[in-house]
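Reviewing the structure listed below.
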2 protein chains.
Amino acid sequence: MRADARRNHDQLLVAARAVVGEHGAEASLREVARRAGVGLGTLYRHFPTRDALLEGLLRTEFDALAARAAELGTAASPREALVTWLREGVAWTVEYRGATELMVAAIEDPDSALHASCVAMRAAGTGLLTRAQEAGAARADLDGTDLFALISAMAWLGAQPALAPRADHLLDVVVDAVCAPRS
Amino acid sequence: MRADARRNHDQLLVAARAVVGEHGAEASLREVARRAGVGLGTLYRHFPTRDALLEGLLRTEFDALAARAAELGTAASPREALVTWLREGVAWTVEYRGATELMVAAIEDPDSALHASCVAMRAAGTGLLTRAQEAGAARADLDGTDLFALISAMAWLGAQPALAPRADHLLDVVVDAVCAPRS
DNA sequence: ACCTGAACACCGTTCAAGT
DNA sequence: ACCTGAACACCGTTCAAGT
């Protein structure tokens, strides 16, 4: 890759992080290009879809979550590992308001730039869930997709200003439900 | 109101119901006006905001939900009344994909055209919840806003194509959590 | 009173023309 | 190779002009 191309690529990601932080995942792509000091066509050359651009932002975070799951898998009790990871996953997802819908859509769309990262994250959660289930510390009738769905829904909830004040408490309720051994 | 104004008003609602059904709550207002055979300014005269237009569509449904709560309050056991209403509330909310965000925003914005309807719906749910709590059939650490939030989040989940297949099951999990007497 | 549609300031996306 | 920005087809919203 040519030096100028690489610089543009990097500046686009920097600008995107700022703009998405301010306006959410539906932020204007024109504004990203503007802020990066780059033509609009250059943005499309580097990131042909909005997903591709977000993937550039989120990949490192996804990887961190998967790594965290591996760490918890050995460092904590099955129940505590699962609960901690659930809470951290929700907290992290709330940060990217608007990205939750994209994440959810990407998990069943193999063509999405976010697909691989989503699948990896689900796999990490599945590991923790299975371990907790084997220890009798989580409901047996849940799978990794359910966990992913619950994290997404609670993150959506936390991103709604009107509901955010109760989000932590409601997450407690859901965590209780996930960890109830019966059914 | 003049006869032509009334006819335009009604046709706008008919068109809006169709267009929102097809494209969700973010549907193009231009398309609504087009489909109603009406100038764009006429739409804005009758419904000055998008909320006002949606309110026209949703008010009857909100009222039905409140009435349903009253009915269940006398016809069913406290637990069953709450659970049935929760399920029906989620099922109904899923129908209006995209409207969930608006509903949630409206409940704390007194200027929203949807505000009164949202508050009434929350009040109806609060009645059922309180009754169930007094019967020891629901967690004591939940209030009407929590119920509203959980309904919204589960409706959001059900509206995501990738998660919809598990939505019913996850609602069961949440219902179990709401009805767990402890904590 | 009520209606219309042009006008304005924005989008996302594509692509001919430049270096 | 890579970049630019005009062009196209859309938005939401406002408002002067018409009946």
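Here is how names work: the chains are called A, B, and so on, in the same order as the sequence lines, proteins then strands, and each is numbered from 1.
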Item to check | Residues touching DNA chain D, which here means a heavy atom under 4.0 Å, drawn from residues 8-36 of chain A | outcome: A/Asn8, A/Arg30
Checklist entry - Is there a donor-acceptor pair closer than 3.5 Å between any side-chain N or O of A/Trp85 and the backbone N or O of A/Ala66? => result no
Checklist outcome for this item: Min and max contacting nt of DNA chain D in 5' to 3' order, chain B heavy atoms within under 4.0 angstrom, are D/dC11 to D/dC15
Next on the checklist: Please tell me whether A/Arg122 and A/Thr145 have a donor and an acceptor in their side chains that are separated by less than 3.5 angstrom.
Outcome noted: yes
Checklist outcome for this item: Taking every heavy atom of A/Arg30 against every heavy atom of A/Leu40, the minimum-distance pair comes out as CG-CD2, 3.8 Å
Next on the checklist: Within residues 38-46 of chain B, which residues have any heavy atom lying less than 4.0 Å from an atom of DNA chain C?
Outcome noted: B/Val38, B/Gly39, B/Leu40, B/Gly41, B/Thr42, B/Arg45, B/His46
Next on the checklist: Applying the side chain to side chain contact (heavy atoms under 4.5 Å, CB included) criterion to A/Leu114, which one of A/Arg59, A/Glu55, A/Met121 satisfies it?
Outcome noted: A/Glu55
Checklist entry - Have A/His46 and A/Asn8 got a donor and an acceptor in their side chains that come within less than 3.5 Å? => result no
Item to check | Residues forming a side-chain hydrogen bond (donor to acceptor under 3.5 Å, both in side chains) with A/Asp63, sequence neighbours excluded | outcome: none
Checklist entry - Dot-bracket for DNA chain D, 5' to 3', counting Watson-Crick or G-U wobble pairs under 3.5 Å, with [ ] for crossing pairs and | for inter-strand pairs? => result ||.|||||...|||||.||
Item to check | Straight-line distance of A/Leu170 CG to B/Asp146 CG, nearest 0.5 Å | outcome: 4.5 Å
Checklist entry - Any side-chain donor-acceptor pair under 3.5 Å between B/Asp109 and B/His115? => result no
Next on the checklist: Tell me if the CD atom of A/Glu80 is crowded by more than 12 foreign heavy atoms within 6.0 Å.
Outcome noted: no
Next on the checklist: Among residues at least two apart in sequence or on other chains, which ones pass salt bridge (Lys or Arg N to Asp or Glu O under 4.0 Å) with A/Asp4?
Outcome noted: A/Arg2
Next on the checklist: For a quick check under 3.5 Å, do A/Asp51 and A/Ser112 share a side-chain donor-acceptor pair by atom type?
Outcome noted: yes
Checklist entry - More than 12 heavy atoms of other residues, nucleotides or ligands under 6.0 Å from CG of B/Asp168: is that the case? => result no
